[in-house]
Amino acid sequence: MSKKVAMDDIVSLCKRRGFIYQGSEVYGGLAGTWDYGPLGVQLKRHIMDLWWKTFVDNRDDMYGVDAAILMNQKVWQASGHVDTFNDPLIEDVETKRRYRLDHLLEDNGVNPEGMTLEQMAKTIQDKDIRSPDGNELGNARQFNMMFETKIGPMADTIAINLSRDNIEKLYEKGGDFTSYLTSENVDKTGPHVVFLRPETAQGIFTNYKNIVDSFYPDLPFGIAQMGKAFRNEISPRDFVFRSREFEQMEVEYFVHPDNWQEQFEQWRTDIKSFLSQLGLPEDSVHEHEVPEDDRAHYSERTIDFMFDYPHKSDELLGLAYRTDFDLKNIQDHSGKSMEYIVKGGGERFIPHVIEPSFGVERAIMAVLVSAFTQDEVNGEARNYLKLPTHLAPYRVAVSPLLKNKEELVKKAREVYDLLKKEFGNVAWDDNGNIGKRYRRQDEIGTPHCVVIDFDTIEKDGTVTVRNRDTTEQERVSIDELTQKLN
Ligand code: ATP
């Protein structure tokens, strides 16, 4: 990696300057949730807009959707999430705190890749690994990460499954059913149970047939969706990297099974080009070919794109070849054909799928880490965000040299209005002296500052344009300003 950035630098910058705050902070927080402030929401939107423009607007083989977050629970039964969307969990026997077993192994220098739950548990015993509080660890088990909730007027009722014998006993007891509220009797998959979606992908697969019927696309074609996903992570950590509520940007790209390799390679190239548009240096991104034992059951090939985060090199996004697993499952569970018929009554088959799956929070962190720069200006240390112009929260900041000189403020307001009309995301900054304003804008990544001074109003109508990266200043006439900043 080209430079080392500490997690604390990123977290404190985000909080101090209004990018990202702890969720529900005023009430002591809610672990794994984060709120975006005015600058964070701009940065996030710019990343998501760039993704949509790159992968949807600029292509003619893509269809966008925005599916409901709450979906029929059959979706998650068919996809395998109800049975297998688990993470390994282990509990501290003293404090009862719960930990992710594979992370605990990693933290103790063991690579858990490819290990079964039993092998991981045995390694904990063999190596006498303890909890971070130094206590013994209990039994390991799988923990399902989907958030469950209940829908409609049945939400406050519990469905219980009772045998005929038990119903007779219930009558004998005068209808007191409390003793039957055991985990075997309570119906957890009653029709009122719904899950918050743990991925956006299933909202795409369930709309595949709709898109085919409405738009008759030729293969290959893709369906894209961005939006919230929820996972009940055992231990959320590393700032927004592992959150319980986050956003994904996913494409399911439908291909003929004979040429999935070619399309997979094309996606590798397209992903790398998108990451360079995010300003991530090439040498901080690494492709990890996921070994068979570690791949999701449906995947025949997966590449994890890893980024050098401050905590470690970790997954930024995944590219998976999912075969026809999902559409076949939907066909089996719904009884509706998912076959694609080549135009003119040709070949019929279930398309195979290539899935590039981006996480927004992980992209934001990678962008901030890549942009975070320290240098020296006039013998003084400076921290600044070297963000690409198209991602910066503010494109430009406008200042009157002095805020108590009416004529300067008036002219500066005119320039501000002009630039605001052109770019939208323009800051007005008249606080403190000019040096302080530059530092403040540097710290949040504003590429240019425009200053209106006495020369502007008394002499030649030019303003000072100061460049964030070089700190150089030049005089530009107001007429040429928007062109200069474009
Ligand atoms: P990990 O192994 O790190 O838990 P994963 O392999 O389970 O991630 P996927 O199911 O492939 O992740 O999800 C696709 C993408 O969604 C990830 O590459 C990541 O960018 C994002 N993502 C997944 N889980 C989280 C999370 N808890 N917080 C933030 N982003 C996440």
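In listed order, ligands and their atoms are each counted from 1.
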* Identified side chain to side chain contact (heavy atoms under 4.5 Å, CB included) counterpart of Gln331 within the set Lys209, Met338, Lys336 -> Met338

* Under a 4.5 Å cut-off applied to non-hydrogen side-chain atoms, are Val353 and Asp324 in contact? -> no

* Taking side chain to side chain contact (heavy atoms under 4.5 Å, CB included) as the test, write out the residues that go with Glu289, two or more places apart. => Arg301, Ile303

* Only counting residues at least two apart or in another chain, list the ones meeting ring-ring contact (aromatic ring centres under 6.0 Å, His included) with Tyr298. => Phe325

* To do: Would you sort out whether Asp92 and Arg97 count as a salt bridge (charged side-chain N to carboxylate O under 4.0 Å, His left out), showing the intermediate values?
  => CA-CA 5 Å; Asp92 178 319; Arg97 278 206 192 109; over 6 Å; no

* Asked: Given Arg231, Arg244, Glu250, which one has a non-hydrogen atom that is nearest to atom 13 (O) of ligand 1?
  -> Arg231

* Asked: In the protein, which heavy atom is nearest to atom 21 (C) of ligand 1, and how far is it?
  -> Gly359 CA, 3.8 Å

* **Candidate list Phe239, Phe241, Phe246, test ring pair (Phe, Tyr, Trp, His ring centres under 6.0 Å), partner Trp34, passing option** => Phe239

* Tell me: protein heavy atom nearest atom 18 (O) of ligand 1, and distance? -> Glu315 OE2, 2.6 Å

* Name the closest protein heavy atom to atom 29 (C) of ligand 1, giving the residue it belongs to and the distance to 0.1 Å. => Phe241 O, 3.1 Å

* To do: Answer yes or no: does an N/O atom from Phe358 fall short of 3.5 Å to an N/O atom of ligand 1?
  => no

* Asked: Quick one: does Ser243 get an N or O within less than 3.5 Å of an N or O on ligand 1?
  -> yes

* Counting each atom of ligand 1 from 1 as listed, which ones have a heavy atom of Glu233 under 4.0 Å away? -> 26 (C), 27 (N)

* Asked: Under a 4.0 Å heavy-atom limit, does Asp304 contact ligand 1 with its side chain, its backbone, both, or neither?
  -> neither

* Structure fact -> for atom 16 (O) of ligand 1, nearest protein heavy atom and its distance come out as Gln248 NE2, 3.1 Å

* To do: Could you tell me whether some N/O pair between Phe246 and ligand 1 is separated by less than 3.5 angstrom?
  => no

* Asked: Closest non-hydrogen protein atom to atom 14 (C) of ligand 1, residue and atom name please, with distance?
  -> Ser357 OG, 3.0 Å

* Could you tell me whether the side chains of His286 and Asp308 share a donor-acceptor contact shorter than 3.5 Å? => yes

* To do: Could you check which of Met249, Arg242, Glu361 puts a non-hydrogen atom nearest to atom 4 (O) of ligand 1?
  => Arg242

* Asked: If hydrogens are left out, which of Leu316, Asp87, Leu317 has an atom nearest to atom 20 (O) of ligand 1, that is, the closest non-hydrogen atom?
  -> Leu316

* Just checking, any donor-acceptor pair under 3.5 angstrom between side chains of Thr323 and Glu300? -> no

* Would you please indicate yes or no on a ring centroid separation below 6.0 angstrom for Phe254 and Tyr340? => no

